[in-house]
Amino acid sequence: MKSVRVGICGLGTVGGGTFNVLMRNADDIARRAGRPIVIEQVAMRRENPHCDTTGVKTTSDVFDVARNPDIDVLVELIGGYEVARELVLTAIENGKHVVTANKALIAVHGNEIFQAAHEKGVIVAFEAAVAGGIPVIKSLREGLGANRIEWLAGIINGTGNYILTHMRDEGRTFEDVLAEAQALGYAEADPTFDVEGIDAAHKLTILASIAYGVPLQFDKAYTEGISRITFDDVEQADNLGYVIKHLGISKRTEAGFELRVHPALVPKECLMASVNGVKNAIEVMGDAVGPTLYYGAGAGAEPTASAVVADLLDVARDISTEHNYRVPYLAFSGIGDGDNDLPILPMEEITTAYYLRLLAVDRPGVLARVATILSEQGISIEAIMQKEAIEGELVPIILLTHRTREKHMNEVIRQLESLADIAGSVTRIRVETLDEDA
Ligand code: HSE
């Protein structure tokens, strides 16, 4: 059968991994696809010392690939927003199928790209955009197709999880571990995308669209990073039976969908608490299947290449299928139906439990005032601890609350911070139990 001819754009970490996996496993990949998948051309700014490109056509201009009549599938691995958008749209315009690992591109420009691809009748596949090598897009889009997805939550940034894990286990500094994650090829070109939650929000946006059949709405995602997490909070969480993880969470409610990325306390006994290092995990709750968990390497050259090549296999199998019989890009056809009109909820409307840490003057009545402020907002306290004084008369107070609306907690924090007996700002970390009715 005719080969599928691939043009790889970008020979960096993921491009190099994809090149090597396609070369190394060419025979098995051909048997799985039912036809050879051959690298016809590679566009790269510089050689990758881990790849032997001898005998492969190369170019320094990615647009050569997008316009090359001998290419069936363009593999976009250059990253970033604007050039990648132009490259992918040019490839689509030239009738090429596209495989990309670019979560920023799909989260921000996906609606436009899928519309263009639909009009041309070409495939755009993006398994590698979310959670590296874990086939979570395929699972959610196809394997869980019978279900109404109720919620999903996960650790979807390998760099952030790598940093939190090594800081906690080895007492190392944030900067030290970040430098190591960069050297290992896990971090984004701009590592603030990892530590400030932007990368995770890109991925969560994609997952939520596929879960609920709603358009991509990255601009509505709430994003909070890990850079303000202190070792003190890590220790207090540990004492209370929790681990701090950086989560992406999306839930269906009657009023709309939650879409939020932030650090969270998760109970030590839940599986997510044991996801360490660069590993990612996503829990998905379907109404028929119940909870399911997807775990594996969330970043790195060959784990991500594994997902890119899986997409190439799908393209090779579907290339001669009539476009309307292919799996829809975002899992649902007929966008505009179902829950499509439900909004992404503003953060004030989400419901969760909270960990609070405050510094109070050690005098009679302070704890009572704190409790009164919470009760006036209808918030029930699950646990309260007053620690020994640390700075003169100031004592840390740690609180765990039951679930409440974020807007009530915002009001509590506003009132607490205005009390003369409370010093500085109140630390708030959300608590997620990740149980079946989360
Ligand atoms: N920087 C990303 C991460 C790479 O650390 O998860 C994979 O998307």
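Only a predicted model underlies this, so the values are computations on that prediction, with no experimental measurement involved. Every number for a ligand or one of its atoms is a count from 1 in the order of the listing. All values below come from the heavy atoms of this structure, side chains included, with hydrogens, waters and symmetry mates left out.
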(message) If you count heavy atoms of other groups shown closer than 6.0 angstrom to CG of D27, is the number above 12?
(response) no
(request) Could you give me the CA-CA distance, side-chain angles and deciding distance for R67 and E93, then say whether salt bridge (Lys or Arg N to Asp or Glu O under 4.0 Å) is met? (result) CA-CA 9 Å; R67 298 191 184 102; E93 186 54 39; over 6 Å; no
(request) Using the test salt bridge (Lys or Arg N to Asp or Glu O under 4.0 Å), find all partners of R32 that sit at least two apart in sequence or belong to another chain. (result) none
(request) Could you tell me which residues satisfy salt bridge (Lys or Arg N to Asp or Glu O under 4.0 Å) with D238, sequence neighbours excluded, listed by chain and number? (result) K268
(message) I'd like to know if the side chain of K279 pairs up with that of N161 as donor and acceptor (distance under 3.5 Å, no hydrogens or angles considered).
(response) no
(message) I'd like the contact residues of ligand 1, where contact means a heavy atom below 4.0 Å.
(response) K103, N157, G158, T159, Y186, A187, E188, D194, D199, K203, G298, A299
(message) Going by salt bridge (Lys or Arg N to Asp or Glu O under 4.0 Å), name the residues that satisfy it together with E258, two or more places apart in sequence or in a different chain.
(response) R260
